[in-house]
Amino acid sequence: MIGKQVSSLAEAINGIHSGATVLVGGFGDAGTPVALLEALLEDDIRELTIVANNAGSGNRGLESLLREDRVRKVICSFPRSKGSVWFERRYLANEVELEIVPQGTLTERIRAAGAGIGGFFTSTGVGTELASGRETRIIDGREYLFETPLFGDVALIKAHRADRWGNLAYHASGRNYGPTMAAAAQLTVVQVDEIVPLGSIDPENVVTPGVLIDRVVKVEAGKT
Amino acid sequence: MIGKQVSSLAEAINGIHSGATVLVGGFGDAGTPVALLEALLEDDIRELTIVANNAGSGNRGLESLLREDRVRKVICSFPRSKGSVWFERRYLANEVELEIVPQGTLTERIRAAGAGIGGFFTSTGVGTELASGRETRIIDGREYLFETPLFGDVALIKAHRADRWGNLAYHASGRNYGPTMAAAAQLTVVQVDEIVPLGSIDPENVVTPGVLIDRVVKVEAGKT
Amino acid sequence: MSRHAAGPSESPLQNVVGRRTSRELAARLANDIPDGWFVNIGIGKPTIIADVVEPEREIVFHSENGIIGVGHFAEGSAQDDDLINASKEPILIVSGAAFVNHSDSFALIRGGHLDLAVMGAFQVAENGDFANWSIPGEKIPAIGGAMDLAVGAKRTWIMMDLFDRAGVSKLCERCTYPLTARGAVERVYTELAIFEISTIGFVVRELVEGLNLEELQRYVPVEIRLEDSHLI
Amino acid sequence: MSRHAAGPSESPLQNVVGRRTSRELAARLANDIPDGWFVNIGIGKPTIIADVVEPEREIVFHSENGIIGVGHFAEGSAQDDDLINASKEPILIVSGAAFVNHSDSFALIRGGHLDLAVMGAFQVAENGDFANWSIPGEKIPAIGGAMDLAVGAKRTWIMMDLFDRAGVSKLCERCTYPLTARGAVERVYTELAIFEISTIGFVVRELVEGLNLEELQRYVPVEIRLEDSHLI
């Protein structure tokens with residue numbers, strides 16, 4: 001019987017090692033797997049490369065990992081975020097590296113990793129300093145940059161509802177990077193608000209199919 | 001007020017010209033916009049390039065267009081289909097051209113067109129005769145083929161339900177190419193079973209957002 | 001021709017009577033958007049547009065974090081942590097809205113499916129180049145969706161203060177900050193004037209009440225023309 | 001060593017007592033799939049697997065037209081025109097199923113998310129190459145999802161008749177038909193025997209009742225070995 005639920009946050013993050021590349025879902029606080037990120041603090045996991053939209057949001061989650069000096073590098077689109085201070089401190093002290101990527105390129109690179117695409121051409125960033133030294137190509141008269149897939153060792157995402165096969169439904173703009181990141185990591189762990197019986201998510205409305213999910217952990221509302 | 005519904009099949013296909021490249025949704029009969037395809041016969045539209053999974057299915061739709069000699073070329077993955085004979089006749093008589101594309105590459109090329117991707121690398125087809133004379137590249141030790149976007153002048157698709165903004169929900173495996181093709185053509189026309197009031201498709205369950213849709217026409221069940 | 005930038009102490013032309021507040025400017029911009037357009041309203045000031053648009057208008061507002069059909073800002077108990085715009089402010093959605101994932105949201109953007117993107121800028125040049133992600137010497141850059149929107153949306157309009165905090169004009173001959181995109185900007189909406197970028201550079205489409213071209217030109221270090229001077 | 005192909009009139013070894021029907025072979029193959037695997041069952045014979053799998057098993061069957069969780073074939077009034085497998089046959093879905101669009105379905109395939117793909121073949125070579133889309137001289141090629149599955153799924157097993165209609169072995173030293181993929185095949189399930197492809201070529205994992213290796217080898221023009229002969 002397929003049962004992807006695990007009963008504790010410790011079990012959910014078991015096996016995540018120092019030095020891992022971690023895809024972290026969320027845009028601002030929406031869809032951010034705060035409990036999973038906080039759980040990483042319980043283990044001695046360091047030197048993480050974090051791939052996320054923001055370099056922290058609010059005062060928990062990535063912000064905690066940055067504060068506790070667990071992060072070696074952040075690959076993100078928009079580091080600045082209200083209420084977060086630790087990325088800036090670490091960055092200005094040269095204690096964390098930043099790779100900044102346009103948001104659409106970030107999500108498309110993660111998609112490529114999950115979809116078996118070896119690389120792709122996008123016009124985003126053409127003519128900017130991000131293009132400097134990069135492979136470009138004119139296709140049908142338009143200039144494009146070559147971009148490569150962005151894989152994670154782990155993806156930590158949040159959804160609203162899961163069944164025991166790992167089928168997921170999200171809530172509102174909490175969906176954001178979840179469906180894309182779920183496909184792009186060796187190990188995909190989901191924090192959900194509720195676990196429902198198999199078959200109770202309408203097959204038409206499953207947003208992320210369970211085939212992409214390894215572990216599901218329910219987090220009580222208060223603990224998020 | 002945004003109102004994408006049109007009241008007749010004639011209006012739905014208005015402006016489609018001879019020589020157009022037409023993306024046609026459907027896999028077998030599921031999700032095939034038969035009424036829209038049959039409507040093309042009413043006008044003197046010829047020399048079409050058809051992009052579809054199959055070169056006809058059953059005895060209507062693409063099969064009718066092939067029978068009536070409206071098709072110059074078919075770009076598809078699996079031409080053979082039970083109950084369809086006209087593609088084979090035309091093809092063996094050199095009256096229609098065939099470009100055969102692996103199914104995943106077909107849908108990804110259409111996605112690229114709709115998603116502003118100038119081209120991409122896939123391993124599908126490596127080492128086969130489809131790779132002959134084509135650009136290849138080794139990325140992280142794996143060999144890939146370069147593939148280009150596949151645009152349509154028109155996309156004809158079928159969905160189950162639409163609202164007046166063109167938001168769509170599908171039924172079962174009738175979804176197939178619809179969401180991808182909707183984004184890849186200058187003009188996207190949808191045949192639906194029913195038109196529902198704005199707001200009655202849950203925002204979580206809209207599969208194709210109306211931004212991609214130009215015209216919606218309701219086709220009575222009897223009229224396929 | 002030498003033009004003078006204002007001093008660093010405060011923004012010029014503060015006392016022009018018709019000077020628009022952000023909400024007034026957002027409403028003015030909304031009036032220029034045709035019904036039926038799908039419009040990204042980015043982060044910061046442009047997000048106000050969805051809050052002030054007249055209720056009978058049907059413009060569909062897109063937020064790059066996967067919302068098609070952004071409505072008003074959400075207040076009090078209507079706020080939902082998972083329903084925020086790209087500025088991370090709580091919002092409502094309209095009837096007919098749809099949620100999509102991030103990859104699909106940017107496929108819409110890059111694929112040319114949005115009629116318009118409205119965003120802020122640090123600098124806009126008369127050739128349509130603009131810069132809004134990195135200020136040399138400032139601490140941390142932040143791109144967000146701006147580069148994708150600028151190359152992907154059918155049109156880019158900038159909505160911004162005409163002067164930066166030091167009182168320096170954001171309209172310029174050529175951008176000196178790192179570019180977001182080349183030649184993308186069609187229009188610039190500011191608190192004092194609305195500009196179009198044509199092949200001859202900045203053309204004033206509208207000056208607010210109490211402001212004339214000569215006065216404005218004194219603070220803008222690149223030539224600005226009135227619409228009827230196009231062919232001169 | 002010379003080996004003889006059967007005559008064109010009919011398939012060899014028709015009368016072997018343990019020769020499996022397609023449904024028996026599908027059930028046999030299903031027994032080799034671990035619980036919890038996500039498995040594409042392509043078109044043709046492999047689609048039978050989802051119909052014969054034991055009800056207590058939890059194997060999730062994928063059909064490339066966007067179905068995750070294929071169930072039994074649908075009969076009578078349970079048939080739905082929009083719910084078909086990749087062979088275009090009406091099916092049911094299981095509890096826990098999900099529908100995805102074609103691009104997402106092939107992203108799953110190409111991205112390496114399926115544990116196994118089972119498909120038919122015209123030829124399978126001892127180096128793992130196989131051919132199943134085009135027969136030179138035949139009229140119309142048809143690729144479908146085979147090339148994507150062969151490079152994308154973690155494993156490829158072939159389920160096919162051992163001999164073609166002319167009675168010629170489909171197992172061969174090297175494919176002469178256009179390849180679907182190089183070196184992809186791990187196992188071959190046929191009505192008479194089950195083979196594994198190892199670094200030394202075809203290894204017999206199972207012969208049906210009433211068949212011995214020498215007898216089978218007479219009709220197969222490439223060396224086949226018993227499992228325990230690996231190191232000889």
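Naming convention: chains lettered A, B, ... in sequence-line order (proteins, then strands); numbering from 1 in each chain. These numbers come from a predicted model, not from an experiment.
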Is the side chain of [X] donor-acceptor paired with the backbone N or O of [Y] at a distance under 3.5 Å, no angle test?
| X | Y | answer |
| --- | --- | --- |
| B/Gln103 | B/Ser77 | no |
| D/Asp148 | D/Arg110 | no |
| B/Lys4 | B/Gly210 | yes |
| B/Ser81 | B/Ser84 | no |

Exercise for the section: Give a yes or no on whether the ring-centroid distance for D/His113 and D/Phe38 is below 6.0 angstrom. Expected result: no
Atom group of [X] that falls short of 4.5 Å from chain D, counting heavy atoms:
| X | value |
| --- | --- |
| B/Tyr177 | both |
| B/Ser57 | neither |
| B/Leu130 | side chain |
| B/Leu98 | side chain |
| B/Pro102 | both |

Problem - Derivation and outcome, salt bridge (Lys or Arg N to Asp or Glu O under 4.0 Å), residues D/Asp35 and D/Arg57 - result: CA-CA 6 Å; D/Asp35 266 340; D/Arg57 302 293 310 283; 3.0 Å; yes
So which residue, [options], ends up with the most heavy-atom pairs under 4.5 Å with chain B?
| options | answer |
| --- | --- |
| D/Ile84, D/Leu179, D/Leu83, D/Asn85 | D/Ile84 |
| D/Gly145, D/Ala150, D/Pro178, D/Pro141 | D/Pro141 |
| D/Ser103, D/Ala181, D/Gly66 | D/Ser103 |
| D/Ile109, D/Ile91, D/Thr180, D/Asp80 | D/Asp80 |

Completion exercise
So OG1 of B/Thr32 and CG of B/Leu37: to nearest 0.5 Å the spacing works out to 7.5 Å
Fill in the blank from the handout: Taken to the nearest 0.5 Å, the spacing of B/Trp86 CH2 from B/Ser64 OG works out to 11.0 Å
Please classify the contact of [X] with chain B as side chain, backbone, both or neither, using a heavy-atom distance under 4.5 Å.
| X | answer |
| --- | --- |
| D/Ile93 | neither |
| D/Asp129 | neither |
| D/Ile140 | both |
| D/Ser63 | neither |
| D/Phe106 | side chain |
| D/Asp81 | backbone |
| D/Ala107 | neither |

Exercise for the section: Kindly indicate whether the side chain of D/Leu116, heavy atoms from C-beta on, has any atom under 4.5 Å from the side chain of D/Ile33. Expected result: yes
Exercise for the section: Flag the one option from B/Arg142, B/Met181, B/Lys82 with the top tally of heavy-atom pairs under 4.5 Å to chain D. Expected result: B/Arg142
Fill in the blank from the handout: Of the listed B/Ser173, B/Gly174, B/Ala30, the one with the largest count of heavy-atom pairs under 4.5 Å with chain D is B/Ser173
Exercise for the section: Would you check if there is a donor-acceptor pair between the side chains of D/Arg187 and D/Tyr189 at a distance under 3.5 Å? Expected result: yes
Handout entry: Six-ring centre of D/Phe122, D/Lys170 cation under 6.0 angstrom, axis tolerance 45°
Key = no
